[in-house]
Amino acid sequence: MSPRIPTVTLNNGVQMPVLGFGVYQVPADEAERVVTDALAAGYRHLDTAAAYENETGVGRAIATSGIPRDELFITTKLWIQDAGESTAAAAFDRSLDRLGLDHLDLYLVHQPYGDYHGSWRAMEALNREGRARAIGVSNFHPDRLVDLIDHHEITPAVNQVETHPFFQRGADQAVMRERGVQHESWGPLGQGRDDLFTHPVLTDLATAHGKSVAQVVLRWLLQREIVVIPKSSRPERMAENLDVVDFSLTPEEMTRVSALDTGASTAFDHRDPASVAFLGTVRFDT
Ligand code: NDP
């Protein structure tokens with residue numbers, strides 16, 4: 001029996017499970033197996049993207065699972081090459097087609113580059129039509145987030161940004177809270193970089209609770225009211241990452257993890273001109 005995952009109410013009333021399953025870097029030919037295992041483990045919230053090139057496999061796993069559509073929360077994302085008011089809706093249709101769905105629970109602007117204001121107008125229309133129950137953004141620093149909010153009608157329901165013990169985003173989260181945007185973490189386990197799984201503070205807390213480092217980190221994020229979407233291709237880790245609702249960290253333990261913040265990305269600096277230029281050249285068969 002998998003644990004019951006709580007939900008958070010987004011700014012438009014939609015309920016989002018606070019713990020989901022990410023599929024970045026899951027190869028297309030493994031996606032169906034991996035997502036089938038994740039659904040069997042108990043995940044009901046899936047996070048993919050057109051750019052991950054695995055939506056078809058994710059869709060096959062959803063179809064064969066037999067799980068009622070209204071018990072699932074499915075997110076995908078619009079890639080930069082499809083940014084713009086006239087192109088975003090067609091990219092949305094292609095994603096839905098690959099996923100084999102007639103609506104999404106959450107559609108995100110994947111990156112804050114190109115004509116994302118145009119994309120947002122198209123996504124507002126999809127949201128009003130009910131084809132995307134919620135719309136949001138990803139990788140938006142607070143300045144761009146506020147700019148988007150202040151010049152459009154619909155406030156993003158979610159901002160999915162890199163967040164983990166080494167890059168905690170406290171100031172970003174304050175702006176999101178003030179503006180009613182749900183903070184969602186990508187790379188909640190730091191993508192396994194910088195020896196996160198053997199960090200002495202994290203292993204100490206894991207030992208104290210009879211839990212793993214991954215479970216402590218996910219619990220720490222959830223206690224900060226941040227939605228998490230860990231990825232694993234291994235069924236035993238899928239189950240482990242779900243099993244984080246039966247314990248809690250004390251305020252002192254939360255503070256010990258807070259002290260690990262470096263204030264910098266361990267993966268990708270979304271404000272570095274060279275990185276921005278590079279991402280703008282990356283194209284996928286979306
Ligand atoms: P994660 O922080 O989820 O880390 C995944 C890595 O940790 C994998 O190498 C996995 O290995 C390993 N791992 C998972 N669970 C455990 C465990 N319990 N013990 C030890 N190792 C573990 O990184 P992701 O980059 O995958 O981020 C999560 C999701 O966020 C993505 O899948 C994607 O959906 C989203 N994302 C969004 C981005 C964006 O730009 N919007 C960017 C990046 C990610 P193994 O599979 O072998 O278990």
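In each ligand, atom 1 is the first atom listed, and ligand 1 is the first ligand listed.
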| remark: Residues passing the ring-ring contact (aromatic ring centres under 6.0 Å, His included) test with His199, sequence neighbours excluded, are Phe166

| Ring centroid separation His152 to Tyr116 under 6.0 Å | no

| message | Using a 3.5 Å distance criterion without hydrogens, assess whether the side chain of Trp79 forms a donor-acceptor pair with backbone atoms of Val282. | response | yes

At less than 3.5 Å, what protein N or O atoms come close to the N or O atoms of ligand 1? Include the distances to 0.1 Å.
unit_1, atom_1, unit_2, atom_2, d
ligand 1, 2 (O), Pro188, N, 3.3
ligand 1, 2 (O), Leu189, N, 2.8
ligand 1, 2 (O), Gly190, N, 3.4
ligand 1, 2 (O), Gln191, N, 3.0
ligand 1, 3 (O), Lys231, N, 3.0
ligand 1, 11 (O), Arg237, NH1, 3.4
ligand 1, 15 (N), Asn241, ND2, 3.0
ligand 1, 18 (N), Glu240, OE2, 3.0
ligand 1, 18 (N), Asn241, OD1, 2.9
ligand 1, 21 (N), Arg237, NH1, 3.3
ligand 1, 25 (O), Gln191, NE2, 2.6
ligand 1, 27 (O), Gly187, N, 3.0
ligand 1, 32 (O), Val23, N, 3.2
ligand 1, 32 (O), Tyr24, N, 2.9
ligand 1, 34 (O), Val23, N, 3.4
ligand 1, 34 (O), Asp47, O, 3.3
ligand 1, 34 (O), Asp47, OD1, 2.7
ligand 1, 36 (N), Tyr52, OH, 3.3
ligand 1, 40 (O), His110, NE2, 3.3
ligand 1, 40 (O), Asn139, ND2, 2.9
ligand 1, 41 (N), Ser138, OG, 2.8
ligand 1, 41 (N), Gln160, OE1, 2.8
ligand 1, 46 (O), Lys231, NZ, 2.7
ligand 1, 46 (O), Ser233, N, 2.8
ligand 1, 47 (O), Arg234, NE, 3.4
ligand 1, 47 (O), Arg237, NH1, 3.3
ligand 1, 48 (O), Ser232, OG, 2.5
ligand 1, 48 (O), Arg237, NH1, 2.8

| Using a distance-only test with no angle check, is there a side-chain donor-acceptor pair under 3.5 angstrom linking Gln223 and Arg219? | yes

| Qualifying residue for salt bridge (charged side-chain N to carboxylate O under 4.0 Å, His left out) with Asp105, from Arg131, Arg44, Arg133 | Arg133

| task | Evaluate the ring planes of His209 and Phe247, with Trp represented by its six-membered ring, and classify them as parallel (under 30°), tilted (30 to 60°) or perpendicular (over 60°). | result | tilted

